[in-house]
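Presented below is the structure to which this report refers.
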Protein chains: 2
Amino acid sequence: MNADWIEQFPGLSKLEPAIRDVLTRKSAVVTVREGSVIFGPGKSPENLLLLLEGRVRVQQVSEAGREIVLYRVEAGQSCVLTTACLLAHEGYSAEGIAETDVRAVAIPRTVFDDLIAQSVTFRTFIFTAYSKRITDLFQIIEDIAFQRVDIRLAQKLLDLERGTGQIKATHQQLAAELGTAREVISRQLGEFQRRGWIRQSRGSVELVEPDGLERLAALDAA
Amino acid sequence: MNADWIEQFPGLSKLEPAIRDVLTRKSAVVTVREGSVIFGPGKSPENLLLLLEGRVRVQQVSEAGREIVLYRVEAGQSCVLTTACLLAHEGYSAEGIAETDVRAVAIPRTVFDDLIAQSVTFRTFIFTAYSKRITDLFQIIEDIAFQRVDIRLAQKLLDLERGTGQIKATHQQLAAELGTAREVISRQLGEFQRRGWIRQSRGSVELVEPDGLERLAALDAA
DNA sequence: CACCTTTCAGTAACGATGTCACCAAACCCA
DNA sequence: TGGGTTTGGTGACATCGTTACTGAAAGGTG
């Protein structure tokens, strides 16, 4: 079986040979179809996932049905926060959804525990990932609490544009990205369009003049 | 030296004897004066702290100087999120402040790492604490994004009242609790007072009719 | 105590954001 | 083609955040 996937994770490339062996023998490469709910309320993840290909969106869903995107796990990253959350708590109301077809390495809980115990490198890998996620969450809290919506939307549009200058998303989905309401997105996009920065069509946004968005996004907490 | 402090942490009471020994020998009980900044931007924590007495407030401070309280560490709990954040990242802009005089066990980084490696019990203790904190952060994000401030303020007043029916806090401090502005707090407290639920005086709030606050707080995401 | 400074709270006006109600256009599918 | 569903647009209003200013309360100093 091909174990070269380890090279895709910089933090793991220095893994001790014995550990490396355990990891490749006791984990499995799995594939998940786009749109699948990987974990969610009442569906604990059984494995730690290391993403080889694709993208997972993690979002919080409120009782009232409103959604907010917390972060995304990309290829080369791990779903590490779930490792804490699969241990104890019920109250884990976040859910993970495959935004694309996903190929990932699944590390069972017991193996994860062994690796943590046996490998400094693996520990560093995991805790570094934790650090990144947690500081991201802090940033989200700060943005939601203190940042203007127009600035956040401009940043998000630039962030979601993956080279193509096109963003496939409904206003409702963009609202969920920022934790705001659809109507607010409609108004802001309308304003961006009036300024000639974007062109809208049903279900997608085309960036016409990214510079305008960049300038707005750069205002940040000025 | 007295090592009975371990009994104050339910998650550690089943600690393996050998590990227990390492923990007591290689950690130190420290005291911190009320108001001290335990960690913050440019001041990485060197140790994992387990709180024996007192309370630590962890808050995010934005560039513009605005603050929002993220969570509190109470006696019997650990400053566990710092363990991730002391590893890698600069961008750790949260700070921890002793709200009272604090007595705590300080576990050096290297010892923390050893304990993680050697003890299942310790690992569970740490990851369980992570889980709790992270779900708390998710809840904060949801509240900030979707909950009305009057409801959040009512909940916070009931939360901060520690038996006495009295809350020692300025409007500015209450604003930081919720990540909103002082003026908003002043307005809401004015409204609560008109309804006869509270009595205000400079620097403190007295709960006169907690039931009113309870009813409002219970509206939650109804 | 008188005086000054700092901190804290109140308020009005306005801008930004969130909510509600409703409509219209675009898409989907039978 | 027709009818339902999804998506987007909009006005009216409520809530929340910001600005600017005021004065009261506490604290320090001679």
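Proteins get letters first, then strands, A, B, ... in listed order; numbering begins at 1 in each.
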* Structure fact -> By ring-ring contact (aromatic ring centres under 6.0 Å, His included), F125(A) pairs with (sequence neighbours left out) none
* Asked: Any chance the side chains of E183(A) and H171(A) put a donor and an acceptor closer than 3.5 Å?
  -> no
* Side chains of Q155(A) and D220(A): is there a donor and an acceptor less than 3.5 Å apart? -> yes
* To do: Nearest 0.5 Å please: distance from the SG atom of C79(A) over to the CD1 atom of I38(A).
  => 6.0 Å
* To do: Find the distance between CZ (R194(A)) and CG (L189(A)) and round it off to the nearest 0.5 Å.
  => 10.5 Å
* To do: Please determine, for the side chain of V149(A), which listed nucleotide (dT17(C), dC8(C), dG10(C)) has the closest atom?
  => dT17(C)
* Among dT11(C), dC8(C), dT17(C), which is the nearest nucleotide to the side chain of R202(B)? -> dC8(C)
* Asked: Donor-acceptor pair under 3.5 Å: do we get one between R182(B)'s side chain and the base of dG10(C)?
  -> yes
* Side-chain donor/acceptor of E183(A) to base of dC20(C), under 3.5 Å -> yes
Starting at atom [atom1] of [X], determine the distance to atom [atom2] of [N], rounded to an integer number of angstrom.
X: R148(A); N: dT17(C); atom1: CZ; atom2: C1'; answer: 12 Å
X: Q193(B); N: dT11(C); atom1: CD; atom2: P; answer: 10 Å
X: K168(A); N: dG8(D); atom1: NZ; atom2: C1'; answer: 15 Å
X: L153(A); N: dA16(C); atom1: CG; atom2: P; answer: 15 Å
X: Q173(B); N: dT7(C); atom1: CD; atom2: C1'; answer: 11 Å
X: L178(B); N: dT15(D); atom1: CG; atom2: P; answer: 17 Å

How would you label the contact of [X] with the nucleic acid (heavy atoms, under 4.0 Å): base, sugar-phosphate, or nothing?
X: Q188(B); value: sugar-phosphate
X: G203(B); value: sugar-phosphate
X: Q200(B); value: sugar-phosphate
X: R66(B); value: sugar-phosphate
X: R187(A); value: base

* Mapping V184(A) and R194(B) onto DNA chain C by nearest heavy atom, which one lands closer to the 5' end? -> R194(B)
* Report the residue (G179(A) or Q172(B)) whose heavy-atom-nearest nucleotide on DNA chain C is the more 5′ of the two. => Q172(B)
Distance below 4.0 Å between [X] side-chain N/O and [N] OP1 or OP2:
X: T170(A); N: dT6(D); result: no
X: T180(A); N: dT17(C); result: no
X: H171(A); N: dT6(D); result: no

